[in-house]
Amino acid sequence: MNLIARRATSVALLILLGLSQGCSTTSSSSSEGISNLVIAEPMAINPQSELALARLSEIIQRVEVTEEQRAKLFYDRGVIFDSVGLRSLASFDFQRALRLQPDLVDAYNFMGIHHTQRQEFNLAYEAFDSAIELEPQHQYAYLNRGIALYYGGRAEMAVADIQKFQLQEQFDPYRMAWLYLVEYEIDPQVAKQNLQANYGSLPHNSWANNILRLFLGEMSEGEFIDELTIGVTSSKELTDRLCEGYFYLGKFNQIKELPDNSSNYFKLALSTNVYEFIEHRYAKLELELLKVNVAQPLNEEQQPVVE
């Protein structure tokens with residue numbers, strides 16, 4: 001789910017980024033009764049993105065432009081760096097853009113996302129607060145601040161932001177899924193009741209509805225995987241869907257308290273290289289948090305007993 005606001009700042013850049021690529025294959029594997037695990041070939045870096053990076057870098061270095069124009073050039077290059085997984089270079093460019101143009105809303109949004117991925121939650125909150133202060137209707141800043149609060153252990157505060165985001169498109173199953181995940185941290189029973197009500201209101205039957213069926217227990221893990229490829233018409237579409245599907249399977253197993261299964265699914269989501277998707281962004285963070293949760297009990301057991 002590519003739900004990060006990245007409003008284009010130049011038609012030329014859009015043209016450069018217009019081509020997509022990637023191919024995929026499927027294979028079968030056996031894991032706890034699941035025999036039809038779908039594996040995608042990771043997305044390759046788009047040559048057009050590489051070309052765009054080269055051209056933007058040349059313009060930044062050689063062309064005389066205003067500070068506002070230079071800020072947008074840094075922002076545009078940061079967006080491309082981010083899209084190919086070069087987060088540190090992207091953050092550097094967003095910071096330079098903000099120094100030149102302190103009211104560049106989308107740069108704050110991206111900085112908040114990167115801070116969240118690095119577990120720098122207070123910095124993330126500040127970045128999203130700045131974006132919302134500058135543009136109160138920036139719905140993705142609410143989503144991303146809600147996610148930062150969720151991962152920062154502040155689920156009660158996250159609910160308001162995710163609800164506000166969900167109400168912008170009430171029939172979007174992805175938004176319903178994130179609201180459920182946040183509400184689950186507060187009260188699992190209420191979260192499931194709310195999810196059931198939201199699911200019942202859906203006027204369409206899209207593939208993403210399966211995510212809600214999975215969480216509601218109306219679909220098994222195996223059935224979910226079996227339907228991952230239904231309606232897929234291109235290799236890119238398959239890779240995108242697997243990134244999403246395996247992330248939510250990871251969260252599903254996390255809820256079931258099966259950390260090994262959860263970790264494997266997050267790794268599969270990461271293996272797609274769909275860097276721009278919210279599911280890819282936070283699969284890495286989920287793995288880091290899983291490692292911490294596993295290490296803590298081990299460390300406690302190894303502590304010497306003091307008599």
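For reference, positions follow the sequence shown, starting with 1.
Between Lys267 and Lys284, the closest side-chain pair of non-hydrogen atoms is not below 4.5 Å. Under the 4.5 Å side-chain criterion, counting only non-hydrogen atoms from C-beta, Phe171 is in contact with His204.
Val190 is not connected to Tyr199 by any chain of hydrophobic side-chain contacts under 4.5 Å among Ile, Leu, Val, Met, Phe, Trp and Tyr, and they are in different clusters. Both Leu195 and Ile186 are part of a single hydrophobic cluster, where members link through side-chain heavy atoms under 4.5 Å apart. Connection of Ile230 to Val232 is not established within any shared hydrophobic cluster, with ILVMFWY side chains joined at heavy-atom distances below 4.5 Å, either directly or through further cluster members. Leu123 and Leu289 end up in different hydrophobic clusters when Ile, Leu, Val, Met, Phe, Trp and Tyr side chains are linked at under 4.5 Å.
One distance of note links CG of Asn198 with CD of Gln193; it measures 12.0 Å at 0.5 Å rounding. If you take CZ on Phe94 and OH on Tyr108, they are separated by 13.5 Å, rounding to the nearest 0.5 Å. Residue Ser49 holds its OG atom at 11.0 Å from CZ of Phe81, rounded to the nearest 0.5 Å. A distance of 4.5 Å separates CZ of Phe252 from CG of Leu214, quoted to the nearest 0.5 Å. Distance check, rounded to the nearest 0.5 Å: CG of Leu149 to CZ of Phe128 gives 9.0 Å. We find the CG-CG distance between Leu98 and Asp103 to be 9.0 Å, quoted to the nearest 0.5 Å.
Between the side chain of Asp82 and the main chain of Gly78, no donor-acceptor pair closer than 3.5 Å is present. Looking at Arg241, its side chain does come within 3.5 Å of a backbone N or O of Leu228 through a donor-acceptor pair. Looking at Asn144, its side chain never comes within 3.5 Å of a backbone N or O of Asn109 through a donor-acceptor pair. Arg70 places no side-chain N or O within donor-acceptor distance of the main-chain N or O of Leu100, the cut-off being under 3.5 Å. For the pair Glu237 (side chain) and Thr233 (backbone), a donor-acceptor distance under 3.5 Å is present. Side-chain N or O atoms of Ser262 include none that pairs as donor or acceptor with a backbone N or O of Pro259 at under 3.5 Å. Between the Glu244 side chain and the Met1 main chain, a donor and an acceptor come within less than 3.5 Å of each other. Counting only distance, with no hydrogens or angles, the side chain of Thr272 and the backbone of Leu268 share no donor-acceptor pair below 3.5 Å.
In plain terms, the two heavy atoms of Ala71 and Leu104 that are nearest each other are O-CD2, 4.2 Å. Nearest heavy atoms, Leu287 versus Ser263: CD2-OG, 3.3 Å. The minimum heavy-atom distance linking Arg154 with Asn122 is given by the pair NH2-OD1, 4.0 Å. Minimum interatomic distance between Arg96 and Arg99 (heavy atoms only, all atoms of both residues): CG-NH2, 3.0 Å. Contact detail for Leu181 and Tyr150: the closest heavy-atom pair is O-CE1, 3.5 Å. Pairing each heavy atom of Ala124 with each of Thr116, the nearest pair is CB-OG1, 3.4 Å.
Using the six-membered ring where Trp is involved, Trp207 and Tyr174 have ring planes that are tilted, between 30° and 60° apart. Below 30°, between 30° and 60°, or above 60°: for Tyr275 and His280 the angle between ring planes is above 60°, a perpendicular geometry. Between Tyr125 and Phe121, the angle of the ring planes stays under 30°, which puts this pair in the parallel group of the 30/60° scheme. Under the 30°/60° scheme for interplanar angles, the aromatic rings of Phe266 and Phe247 are found to be tilted. Between Tyr248 and Trp178, the ring planes are perpendicular. Angles over 60° get that label, and only those under 30° would be called parallel.
Geometrically, Arg175 engages Phe165 in a cation-pi contact defined by less than 6.0 Å to the ring centre and at most 45° from the axis.
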ask   = Is there a side-chain contact (heavy atoms from CB on, under 4.5 Å) between Leu249 and Ile225 once you walk through the steps?
value = CA-CA 9 Å; Leu249 280 167; Ile225 292 173; 3.7 Å; yes
request  = Tell me, with the steps shown, if Leu202 and Met176 meet side-chain contact (heavy atoms from CB on, under 4.5 Å).
outcome  = CA-CA 10 Å; Leu202 286 173; Met176 293 178 181; 3.4 Å; yes
key: Glu221/Asn253 under side-chain contact (heavy atoms from CB on, under 4.5 Å): CA gap, chis, key distance, verdict   = CA-CA 9 Å; Glu221 203 168 326; Asn253 278 272; 3.3 Å; yes
message = Evaluate Gln69 against Thr66 for side chain to side chain donor-acceptor pair (under 3.5 Å), listing each step before the verdict.
response = CA-CA 5 Å; Gln69 290 171 328; Thr66 66; 3.3 Å; yes
message = Determine whether Leu51 and Gln48 satisfy the following criterion, side-chain contact (heavy atoms from CB on, under 4.5 Å), listing intermediate values before the conclusion.
response = CA-CA 5 Å; Leu51 178 61; Gln48 297 300 319; 4.0 Å; yes
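Ion pairing between a basic and an acidic side chain is recognised when a charged N comes within 4.0 Å of a carboxylate O; Asp161 and Lys164 show no such pairing. Checked for salt-bridge contact, Lys72 and Asp76 miss the test: no charged N lies under 4.0 Å from a carboxylate O. Comment: Lys251 engages Glu286 in a salt bridge, judged by a side-chain N to carboxylate O separation of less than 4.0 angstrom.
By the neighbour-count criterion of 12 heavy atoms within 6.0 Å, atom CD of Glu218 is densely surrounded, having more than that number from other residues, nucleotides or ligands. Within a 6.0 Å radius of CZ in Phe92, no more than 12 heavy atoms belonging to other residues, nucleotides or ligands are found.
Of the residues listed (Ile147, Ile132, Leu167), the one engaging Tyr142 in a side chain to side chain contact (heavy atoms under 4.5 Å, CB included) is Ile132, and it is the only one. Considering Gln117, His115, His114 in turn, His114 is the only one that fulfils the side chain to side chain donor-acceptor pair (under 3.5 Å) rule with Ser91.
Between the side chains of Asp172 and Gln166, not a single donor N or O lies within less than 3.5 Å of an accepting N or O.
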